[in-house]
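See below for the structure under consideration.
Because only heavy atoms are used, hydrogens play no part in the values below, and waters and symmetry mates are left out as well, while side chains stay in. So that the names make sense, note that chain A is the first sequence line, chain B the second, and so on, each numbered from 1.
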There are 2 protein chains.
Amino acid sequence: MSDTTVLVLDAPSPAPPPRLGSLTGRARILHADADTLAAQLPHADVLLVWDFLSDAVRLAWPGEGPRPRWVHTASAGVDRLMCPELAESDTLVTNARGVFDQPIAEYVAALVLAMAKDLPRTLQLQGERTWQHRETQRVARTRACVVGSGPIGHAIVRMLKGLGIITALVGRSARGGVHGPDELDRLMARADWVVCAAPLTDDTRGMFDERRFGMMQPSARFINIGRGALVVEDDLAAALSKRWIAGAALDVFEHEPLPADSPLWTAPGLIVSPHMSGDTVGWRDELGAQFVELYEEWAAGRPLSNVVDKKRGYVPGN
Amino acid sequence: MSDTTVLVLDAPSPAPPPRLGSLTGRARILHADADTLAAQLPHADVLLVWDFLSDAVRLAWPGEGPRPRWVHTASAGVDRLMCPELAESDTLVTNARGVFDQPIAEYVAALVLAMAKDLPRTLQLQGERTWQHRETQRVARTRACVVGSGPIGHAIVRMLKGLGIITALVGRSARGGVHGPDELDRLMARADWVVCAAPLTDDTRGMFDERRFGMMQPSARFINIGRGALVVEDDLAAALSKRWIAGAALDVFEHEPLPADSPLWTAPGLIVSPHMSGDTVGWRDELGAQFVELYEEWAAGRPLSNVVDKKRGYVPGN
């Protein structure tokens, strides 16, 4: 038996991550939930944050005692995880970079096409047994502005280009194929589709606000598959009500699950989905396998991929 | 003033086809509706079937007197138009080949992605203010069987390939990139997506029936953007009820508009849309412009493109 202890912050359900069985004999696997995490943290070499929607790590980390040398989160974003004490520590943080890219790109394509082809209205009319022919929009030669130049943003751009959409990608800094933040407003103002795939950091929080919705075209649609707090939700609801933009789709929200009394459920032209854009059949299995692969590298003392820049809040590069 | 008379079978609304103004001084334009068509046919050199959903031509054509030398229909299908007397005459028939290819391909992509990502259920749950995370399907590496190897079928194949879908195209005869009809059952039986884009002819009428739905995978989805009568609608409804297949989308129906009391409106897993897959903003303008271009060729005595093989019921080749 190895003397390495892997602590797993379990999700409420379905509980244990798959694939960890392959670590049997090589590591001791302990499980924690939000209530027991603080007490167990000092005994772990590695922390696997399987319940990536939980705030438990951010709350427990600043406590007393030794801390894991490596934290892996089964998510692309690390915003729920990070606290100053973890950011300033020597602990390595890795994320699930790569697993969600293609599924999320497909999901964005689904939303773009559904809005262009007026599918929500079609389903509503079907419910009323009403035959009502409409003219819909072509997506070819429309313009998209994708915000967030990580692998998810890049995958979205590739997918939308495949549909014949003219795309611009905006990141934290200008480089090959990526526009810098100073070009965001100009590109967004002429886009038919504004897609948010940015990480949530101090710089990006609330970046889609009244001012930016006011700059978009009245025919534009806004899609957020990043993190809810990138958007000032009240400003989006107002922009939709005032017809500043033609529609929107949110897969992520400041408070999840979205409370039943939220006005967003019925905002005009808004599609609400429950934080599932990247979660295709087999995703949990892929996340488990990815952790095992990283574990092999870590145990062998080799450098890890997917290492998050803890100050920036994402994996830099590309 | 030219001595050529162009008779336009108008649609009930919006009435006159755009762009015909550019024929002013070069042709006399007369208008007919279903009631007056028979009386006016003998006076026309050219018939433009703008109301392509009408049976009026098929009913009026066999009457007495001279007949137009050229009939153009503002549709891809000629099934509503054709009668034996027209098929055996010297009259040239042309169609709107090309105008609908890309719009319909986008529409099919929208349906495929909406079904893969469970979008109808998402909208339903939104209406109930219910947050219910689900795992959805990836479309990359799934298999599609597209039936109908005209330009619409080819455009659908290109679009689905762009989504990473493995596609097979089935036509009336095997040739480069197209499978023959003897391979249809085999290809369909392993497809995740069966897309019908075939012309309606004596050979294809009712081709999607109980036997074929019974061969499809339980996880398969069926999409028809061709003509309603390609499908035995009762057999499809039964296949959906018995869960022989996972879902379907029909944009075309044996009787259009679909009667309010049709059981198809509420068939489980069926998306009903009102024959609009190709009708994107500007489509009528494109159809008008296409007729004018063909008219220039015809008036100059040059050979026309888009000439329908009247016995087969479509434009051969490709």
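- Partners of B:F291 under the ring-ring contact (aromatic ring centres under 6.0 Å, His included) rule, at least two apart in sequence or in another chain, are B:W70, B:H72.
- Across all non-hydrogen atoms, the minimal contact from B:A110 to A:L113 is CB-CB, 3.6 Å.
- With respect to chain B, the highest number of heavy-atom pairs below 4.5 Å among A:P103, A:A116, A:G162 belongs to A:P103.
- Contact annotation for A:M276: both backbone and side-chain heavy atoms come within less than 4.5 Å of a heavy atom of chain B.
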Can you list the donor-acceptor atom pairs spanning chain A and chain B that come in under 3.5 angstrom?
unit_1, atom_1, unit_2, atom_2, d
A:E106, OE1, B:K117, NZ, 2.9
A:E106, OE1, B:V139, N, 2.8
A:E106, OE2, B:V139, N, 3.1
A:E106, OE2, B:A140, N, 2.8
A:K117, NZ, B:E106, OE1, 2.9
A:Q126, OE1, B:V272, N, 3.0
A:Q126, NE2, B:W265, O, 3.0
A:Q126, NE2, B:L270, O, 2.8
A:R129, NH1, B:A260, O, 2.6
A:R129, NH1, B:S262, O, 3.3
A:H133, NE2, B:D279, OD2, 2.5
A:E135, OE2, B:W283, NE1, 2.8
A:T136, N, B:D279, O, 3.0
A:T136, O, B:V281, N, 2.7
A:V139, N, B:E106, OE1, 2.8
A:V139, N, B:E106, OE2, 3.1
A:A140, N, B:E106, OE2, 2.8
A:A260, O, B:R129, NH1, 2.7
A:S262, O, B:R129, NH1, 3.2
A:W265, O, B:Q126, NE2, 3.0
A:L270, O, B:Q126, NE2, 2.8
A:V272, N, B:Q126, OE1, 2.9
A:D279, O, B:T136, N, 3.0
A:D279, OD2, B:H133, NE2, 2.5
A:V281, N, B:T136, O, 2.7
A:W283, NE1, B:E135, OE2, 2.8

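- Residues passing the ring-ring contact (aromatic ring centres under 6.0 Å, His included) test with A:F208, sequence neighbours excluded: A:F222.
- When side chains are defined from C-beta on, A:L123 does not count as touching B:V272, because their heavy atoms never get closer than 4.5 Å.
- If you measure heavy-atom distances from A:I271 to chain B, the contacts under 4.5 Å come from both the backbone and the side chain.
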